[in-house]
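First comes the structure, then the notes that go with it.
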Amino acid sequence: MSPANATGPTMVTIPAPAIRPCSMCSGQALAAMRSSSRRLKWTTIRASADRLSSPTLTTTVDLISSWPTRRACSSFANDRYSACVPIMTVRTRFAPSPTGYMHIGGMRTALFNWLWARHNEGQFILRIDDTDQERNIDAALAPILHAFRWLGLGWDEGPEVGGPHAPYFQSKRGHLYRQAVETLLFRGQAYRDFDPPELTQADREAAEKEKRPFLNVRRSLDLSDVEREQYLAEGRPHVIRFLVDRNARISIEDHIRGHVEWDCGLIADPVICRGDGSPLYNFATVVDDAQLEITHVIRAEEHLTNTSVQAMLFDALGYARPEFAHIPFVAAPGSKEKLSKRAKKLEKYRKNPQFQKLFEIADDVLPKIGLQPGESMNPVMVSYYEAVGFLPEAILNGLSRLGWSYDDKTENMSLDFVTEHFTLERVVRGPAGLDPDKLLSYQEHWMAQRSTEERVDGCLPFLVKAKYIGNPIEASDVRYVTHLIQALGERLKLFSDILQYDEYFVSDADLTFDEKAFDKRLRKPEEAGTLLRDFREELASAESFDAESLEALLHHWVDQQEIKIAQVIHALRVATTGKPAGPGMFDCLALLGKDRCLARIDRALELI
RNA sequence: GCCCCCAUCGUCUAGAGGCCCAGGACAUUGGAUUCUCAGUCCAAAGACAGGGGUUCAAAUCCCCUUGGGGGUACCA
């Protein structure tokens with residue numbers, strides 16, 4: 001089918017061979033582009049046949065959406081459209097404001113930016129949006145940088161590493177914004193608005209009352225030059241607003257949302273500079289994105305509406321617009337609501353059956369290692385996951401799968417794997433609720449990949465913080481913990497799980513017996529005490545105390561006594577560990593050693 | 001109020017008009033294994049929000065309704 005007789009949109013797919021010139025330029029354009037600093041890629045496009053002749057042709061090419069305007073040359077023949085497509089190195093950014101913590105949802109956005117940059121062998125930039133910060137930036141930034149490091153997401157430009165577009169702090173880029181404002185003011189695309197805030201507010205309320213969209217009254221535009229000069233001279237407070245062309249429409253081709261269009265007649269003139277001259281986010285971000293040569297703005301959906309204003313700003317300043325990809329935000333578990341760290345919401349999450357588990361882990365673990373669960377440490381923050389002993393791989397895996405998938409069955413993916421296969425095309429559109437259960441299951445999977453030594457390394461800090469072992473750590477402690485972790489096997493899911501096995505670290509006198517289990521296994525069965533007392537003597541005379549010998553010993557003994565193993569083993573477990581459940585009985589006994597086993601059994605026998 | 005976005009099992013998702021009376025994973029339930037727990041194995045249950053079109057054929061395209069969410073700041 002050719003475009004001429006196409007009746008409806010027809011998908012035309014162009015196969016993508018290795019980089020080679022298109023049929024029209026025979027390589028001239030390719031050579032020319034290669035000699036410049038840009039890289040060239042030959043790529044597959046897929047476009048509606050009815051749009052092929054249009055100069056505004058759009059494609060679903062993930063590398064570049066505006067390729068018709070950037071192509072070096074192209075040809076169309078036999079239903080095949082081929083083109084040499086020059087593309088710039090992909091540059092993405094994440095622009096956190098220094099709030100003192102890293103939000104797990106923000107981390108997912110950062111990850112997608114990082115992935116897209118790495119997937120394309122481009123650069124990932126960290127820029128600090130501190131336009132309205134007065135606090136200690138360094139202290140507020142440290143946890144954020146730490147989160148990136150913990151997950152192993154490096155940045156090519158930004159704080160600490162610098163880069164060709166330094167500084168990377170908006171608070172230090174004031175002159176650049178001022179320059180841009182001057183340009184806009186000079187061109188008449190921005191104006192000084194002398195209306196006091198109260199007046200604007202009243203206008204806004206009036207609009208709402210009449211159920212019409214709010215638009216600025218633009219009184220200051222009617223000021224004569226003389227009046228304006230006079231106001232300025234007397235230092236009358238004012239903001240600077242961008243002058244929206246109310247007759248225009250503005251649209252973007254979003255990588256996730258597709259075509260999104262706004263009627264500018266419905267958009268109020270946005271403030272771009274505060275009364276004190278400082279820039280607002282919408283403005284600063286445009287200036288920065290342009291000057292840092294960001295090619296892809298990947299951010300959460302909540303910014304989609306802002307994009308209309310930003311697109312106008314890019315145009316007005318004469319900057320090429322970056323490509324946009326508005327990814328769904330991370331929602332609270334089991335909801336479609338944006339995950340929030342506000343205290344009120346936190347209380348709600350705590351009661352959420354899906355989220356509860358993570359809060360319970362915090363309540364259990366954090367106090368043991370000297371931290372307080374609450375506003376400063378909870379599952380909305382990345383630091384929580386590190387504090388509680390998650391693996392970076394698990395968090396990365398979970399975050400990657402939140403709103404993105406590789407195919408219909410692959411679940412466990414390493415960062416390398418995701419990097420290789422990540423495309424914006426496969427990002428879903430709906431919001432994705434954080435799934436604690438799934439996160440835990442990724443954690444199980446990745447923990448299972450870790451060697452015993454690695455698990456020991458991960459657990460030791462927890463044991464030290466909980467004062468279960470001393471600091472500095474003795475070699476004998478390491479050996480002991482290694483044995484415990486071997487015995488634990490896949491029971492150890494989080495590194496902090498090691499703290500549940502306090503029975504291996506307390507003295508025999510301090511061991512607490514689980515009341516319910518003690519009743520059930522030691523007090524209730526009539527023969528339990530006698531059997532345990534008898535078996536205690538067997539243990540006492542045992543020559544070797546390794547798990548294998550102990551197992552043989554017990555089996556031999558129960559055969560002799562003509563009883564079932566279950567009649568004694570549960571009592572033995574409760575007596576030696578204080579708990580009804582745990583690793584294999586013989587591992588436990590071997591781990592504790594003969595003396596402690598006997599001492600604990602004696603104590604239990606006395607308590608029956 | 002106004003603007004914008006979104007809609008498949010409880011959850012995360014697969015799905016580009018026929019491969020789909022919808023596939024996978026997590027969670028759930030049952031069974032097997034074991035001294036307990038964890039794990040492992042097997043099995044079960046479980047979804048296209050509703051209504052109209054278009055089409056020989058719709059989860060998929062279009063429209064409407066409903067529902068959910070986001071934005072609407074001298075916040076980011």
Any donor-acceptor N or O pair under 3.5 Å, side chains A/Tyr168, A/Asp288:
no
OP1 or OP2 of B/rA76 less than 4.0 angstrom from a side-chain nitrogen or oxygen of A/Arg299, does that happen here?
no
Would you please confirm or rule out a distance under 4.0 Å between OP1 or OP2 of B/rU40 and any side-chain N or O of A/Arg491?
no
Ring-plane angle category for A/Phe417 and A/His421, please: parallel below 30°, perpendicular beyond 60°, tilted otherwise.
tilted
Should A/Ser405 be listed as having a side-chain N or O under 4.0 Å from OP1 or OP2 of B/rA14?
yes
Look at the side chain of A/Glu411 against the base of B/rG24 and say whether a donor-acceptor pair falls under 3.5 Å; ignore hydrogens and angles.
yes
Determine, for A/Lys338 against A/Glu301, whether the closest basic-nitrogen to carboxylate-oxygen distance falls under 4.0 angstrom.
no
Tell me what A/Gly433 touches on the nucleic acid: a base, only sugar-phosphate, or nothing, going by heavy atoms under 4.0 Å.
sugar-phosphate
What nucleic acid atoms does A/Ala566 come within less than 4.0 Å of, heavy atoms only: base, sugar-phosphate, or nothing?
nothing
Quick one: do the A/Arg573 and A/Thr577 side chains pair a donor with an acceptor below 3.5 Å?
no
Between the protein and nucleotides 5-8 of chain B, are there any N/O to N/O pairs under 3.5 Å, and if so, what are the atom names and distances?
{"unit_1": "B/rC5", "atom_1": "O2'", "unit_2": "A/Arg257", "atom_2": "NH1", "d": "2.8"}
{"unit_1": "B/rC5", "atom_1": "O2'", "unit_2": "A/Glu301", "atom_2": "OE2", "d": "3.3"}
{"unit_1": "B/rC6", "atom_1": "OP1", "unit_2": "A/Arg429", "atom_2": "NE", "d": "3.4"}
{"unit_1": "B/rC6", "atom_1": "OP1", "unit_2": "A/Arg429", "atom_2": "NH2", "d": "3.2"}

Distance only, no hydrogens: is a donor on one side chain within 3.5 Å (strictly under) of an acceptor on the other, for A/Ser220 and A/His238?
no
